[in-house]
Amino acid sequence: MTAGDPPPQDARSTTPSAHHGTLAATLQRIPLVQSLQGYTPKAFGADLTAAILITAAAVPLGIGFATTAGLPPITGLYSSVMTLIVFGLVSSSRHVKLGFDAMAAVLIGSTIVPLAMVNGQVDNAKLGSLVAILALLTGAILFLAGLARFGLLADLLSVSLLLGYQAGIALNVIIGQLPKMLGYKISGDTDVEKAIAVVKHLGETHWPTLVAGFGTWAALILLRRLWPGLPGAIVILIAAIAVSAVTHLDRHGVAVVGTLPKGLPTFGLPDFQLAQDNLGLLLGTAASLALVLAADTIIPSRAFASRGHYRVSANQDMAALGLAQMASAVSGGVTASASYARTAISARVGSKTQLSAVMGGLLMALLCATATGLLASLPVAVLGAICADAVSRLIELKTLRGLWQMRKREALLAVATCLLVLSTDPLLAIGVAVGASLVFYLAKAARPRQSLLGHRPGMTGWYPVNAFPDAAEVAPTISVFRWTAPLVFVNANTFRTKARAAARGRAWLLVDCTGMFDLDPSAIESVDGLLDDLADTGTQLAFSGPNPDVARMLRVSGLAARLGEDPHVFVNLDTAVAALTDPSQAAGTLRDDDGDGVWEYVATPGA
C-alpha cells in the first residue's frame, strides 16, 4: 500500500455506511437540499407564509385562466399541485413558482380546444386527453433539451420580442375577460374582432356583473397603491365569496363558478388514440410552447437569482420544467409556466428556498381534497377582474419607453410582435418572433462594425481613426484593420470587400482578430480570395490576436502557409507592427514557443 491509498476495509462491515454515504451524496445534489443548509425557524416561517399566499393566489388565477382557455375550472387548481412540488424539488431557482398562467391558457384556448369540438360542442374527455398529451410532449421536449444542455435556446426570444409577446398575451386575456365582467357573450376569430364585438354589444351590459367585475379591478388597483404589501387578490377573493353567498348574486343574474369536483386529482395516462389524428399539430404546438415556457422561466430565474446572490442553471431549470409538465399531465393538470405573480409574492415575504413551492403544492392538494365547495359562490366577473389585473402588469410600458430610447428598432419590433399576437394565431406569432430574432441577428452579423486603427497622442492602446479625429495611423506602410465579429458565411463577402478597400495599396494589411471569435470554411475561402486581390496591388496580409480556434483554422486550412514563410500571424497588434516595420528595433526575439503558428517577442535571456 502506498502513501495516499485508503486503508483496506471489510466490505461486510462498511456496506451500511457506504450506502449512507451514497444516499447523502445523492441528497446533496438536490438543489432544495442545498438551499436548506443553515435553515432557521425564521426562514421556515417565511416559506410557510409564502406557501399559504401562493396557494391562495393560485385559486383565482388557476380557475380564471382555466375558464379563459375553455377548460374545466378545477383543471387550474390541479395544475398547481404536482408542478409546484416537482419544480420545487428539482429546479436550481429558489424563487420561481409555476402555475397555469396566461401564456399556456391562450395557446391552449386558441389551438387545442378547437380540436376537441364534436358536433359544435366540446368533448371534455377528448379535451382532457389532448391537453394532457400536449403537456407530456412539451415536458418531454423541455426535459430532453435540458439534458442536452440546450438552455441557450431560451435566448432565441430576445428581450424586445418577449416584451411584445407578453404584452400581446396580456391584451388577449384582458379582451377575453371583458365579456365576463360585462355580463354578455361575444364571438370573433381574432382579438381585434373580439374587441370590436365588445364595443358593439355594450348595450347588453348586465349592470350587477359590471359592478362586480370593474369594482373588483378598481379595488385591486386601490389596495395596491394604499397597501402595497397586502395580498389584495386574496382579500378580495374572500370578500367576494362572502358577499356573493350572503346576497345570492347568482339569483340576480351574476354568473358564479358553481360546484367544483372535490377530491385529489387522479393519476393516469391520457387516451393517446384520441390525439392520433392531431399528433403533428400537437408536436408543433408543444415545440413552440416549450420555447416560450423556457424563456418565460429562465429569464425570471436569472433575475431573482441575481437579486438573491446565488447561481442558477438554465439547463437544469429547463429539465425541471419538463419534469413538472409531465407530472402535471398525469395528475389531472395541464401545461404550467412561471407565474410572475406567485414568484413575486414568494420573494416579497422573504422566502429564500423552494420549500415554499413544495408546501404550496401540498396545500393546494389539501384544498382540492376538502374545500372546493367554498368556491361555488365566487362570481366569474371577480375572477375575470383578478386575471385581467394580474396580466396587466405584463404590459411594461416603462420598459418599452426605455427600449425606445436605447434602440428604436427593438421597440418597434416589440410593438409589431404584440400586434401580431392580437391579429393572428399566437402560435404563428411565436414562429414569426423567433424567425425575426434570427433574421435580425444574421443581418447584424452580416454587416458588423469594422474600422482602421491608430494611436492617439499621449494615450495607450488602439483607437478607430474615424471615431477620433486626433487618432493617426502608426506607419505609412501598414493599414491596421479591425473586424469585430465572427468571420462566417453570412459576412465573408463583406469582409473581403471591406478588407480590400482598407488595404489601399499599402505594403501590409494587418487584420486585428481580437473580436473575431470564429472562422468557418466559407470565411477561409473569402480570405483566400482576398489574398489574390491583394497580390494584384503588392499588398501582403497579416493577422493579429487570433484566439486558439481561429489560429487553428488558419493553420489547418493552409492559409497560414500561403501567407508566407516569415511570421504573418502575431499575438497582438504591438508585436505585429514592430515585426512588420523594423524587427531590429523590437525588444527580444520573435518566436513561436507554443507551436500554434502565433508569433510573439520573447525577451532575450540576460538582456
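When reading the values below, keep in mind they use all heavy atoms of this one structure, side chains included, and skip hydrogens, waters and symmetry mates.
Side-chain contact between V391 and I169: absent, with no pair of heavy atoms (C-beta onward) separated by less than 4.5 Å. Looking at heavy atoms from C-beta onward, I85 lies in side-chain contact with L362 at the 4.5 angstrom threshold. With contacts defined as side-chain heavy-atom distances shorter than 4.5 Å, the pair T335/L107 does not qualify. Annotation: side chain of H206 is in contact with side chain of P208 (closest heavy-atom distance under 4.5 Å). For the pair I221 and R225, the minimum side-chain heavy-atom distance is below 4.5 Å. Counting only heavy atoms from C-beta outward, the side chains of F100 and T75 never approach each other to under 4.5 Å. With a 4.5 Å cut-off on side-chain heavy atoms, L422 and C418 count as touching. Side chains of L171 and D191 form no contact here, defined as non-hydrogen atoms less than 4.5 Å apart.
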Show every donor-acceptor pair shorter than 3.5 Å between a side-chain atom in residues 131-150 and any protein atom, with sequence neighbours excluded, or say none if there are none.
| from | atom 1 | to | atom 2 | distance (Å) |
| --- | --- | --- | --- | --- |
| T138 | OG1 | L134 | O | 2.7 |

Atom pairs and distances, side-chain donor-acceptor, residues 239-266, under 3.5 Å, sequence neighbours left out:
| from | atom 1 | to | atom 2 | distance (Å) |
| --- | --- | --- | --- | --- |
| S244 | OG | S377 | O | 2.6 |
| T247 | OG1 | V243 | O | 2.6 |

Please list, one pair per line, the donor and acceptor atoms closer than 3.5 Å that link side chains of residues 43-52 to other protein atoms, with sequence neighbours excluded.
| from | atom 1 | to | atom 2 | distance (Å) |
| --- | --- | --- | --- | --- |
| D47 | OD1 | S351 | OG | 2.6 |
| D47 | OD2 | Y39 | OH | 2.5 |
| D47 | OD2 | T353 | OG1 | 2.6 |
| T49 | OG1 | G45 | O | 2.8 |

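Applying the side-chain hydrogen bond (donor to acceptor under 3.5 Å, both in side chains) test to pairs two or more places apart or on separate chains, those with a residue in residues 54-71 are T67-K180, T68-Q177. Pairs passing the ring-ring contact (aromatic ring centres under 6.0 Å, His included) check and including a residue from residues 45-90, sequence neighbours excluded, do not occur.
Atom CG of L77 is separated from atom CG of L375 by 7.0 Å, given to the nearest 0.5 angstrom. Interatomic distance, S93 OG to R302 CZ, rounded to the nearest 0.5 Å: 12.0 Å. Atom CD of residue E410 and atom CG of residue L400 lie 11.5 Å apart, to the nearest 0.5 angstrom. For the atom pair I236 CD1 and I386 CD1, the distance stands at 6.5 Å (nearest 0.5 Å). In this structure, CG on L130 lies 6.0 Å from CG on L115, to the nearest 0.5 angstrom. Note: C387 SG to D101 CG = 8.5 Å, rounded to the nearest 0.5 Å.
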Quiz prompt | Worked verdict on V358 versus Q354 for side chain to side chain contact (heavy atoms under 4.5 Å, CB included) | solution = CA-CA 7 Å; V358 175; Q354 281 287 25; 5.5 Å; no

Exercise. Evaluate the criterion side chain to side chain contact (heavy atoms under 4.5 Å, CB included) for residue pair I174 and W217; output intermediate values, then yes/no.
Key: CA-CA 11 Å; I174 291 171; W217 201 347; 4.2 Å; yes

Quiz item: Taking it one step at a time, do L412 and R409 satisfy side chain to side chain contact (heavy atoms under 4.5 Å, CB included)?
Solution: CA-CA 5 Å; L412 291 174; R409 185 181 67 183; 5.7 Å; no

Exercise. I would like to know whether D389 and T216 meet side chain to side chain contact (heavy atoms under 4.5 Å, CB included); could you show each step before the answer?
Key: CA-CA 9 Å; D389 181 71; T216 295; over 6 Å; no

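In this structure a side-chain-to-backbone donor-acceptor pair under 3.5 Å is present from S331 to S328. Between the side chain of T343 and the main chain of K97, a donor-acceptor pair closer than 3.5 Å is present. The closest donor-acceptor contact from the side chain of S337 to the backbone of A104 lies at 3.5 Å or more, if one exists at all. Without hydrogens or angle criteria, D317 side chain to S92 main chain gives a donor-acceptor distance under 3.5 Å. In terms of modelled atom types and a separation under 3.5 Å, the side chain of Q166 and the main chain of I395 share no donor-acceptor contact.
Here the closest non-hydrogen pair linking S80 and G76 is OG-O, 3.7 Å. In terms of heavy atoms, G360 sits closest to I54 at CA-CD1, 4.4 Å. For the residue pair S346 and S356, the shortest heavy atom distance occurs at OG-OG, 3.8 Å. Pairing each heavy atom of I298 with each of M318, the nearest pair is CD1-CE, 4.2 Å. Here the shortest heavy-atom pairing between A414 and L163 reads CB-CD2, 4.4 Å. Nearest heavy-atom pair, L413 versus S160, reported as atom, atom and distance to 0.1 Å: CD2-OG, 4.1 Å.
Applying the ring-ring contact (aromatic ring centres under 6.0 Å, His included) rule to Y310 yields the partners H95; only residues at least two apart in sequence or on another chain are considered.
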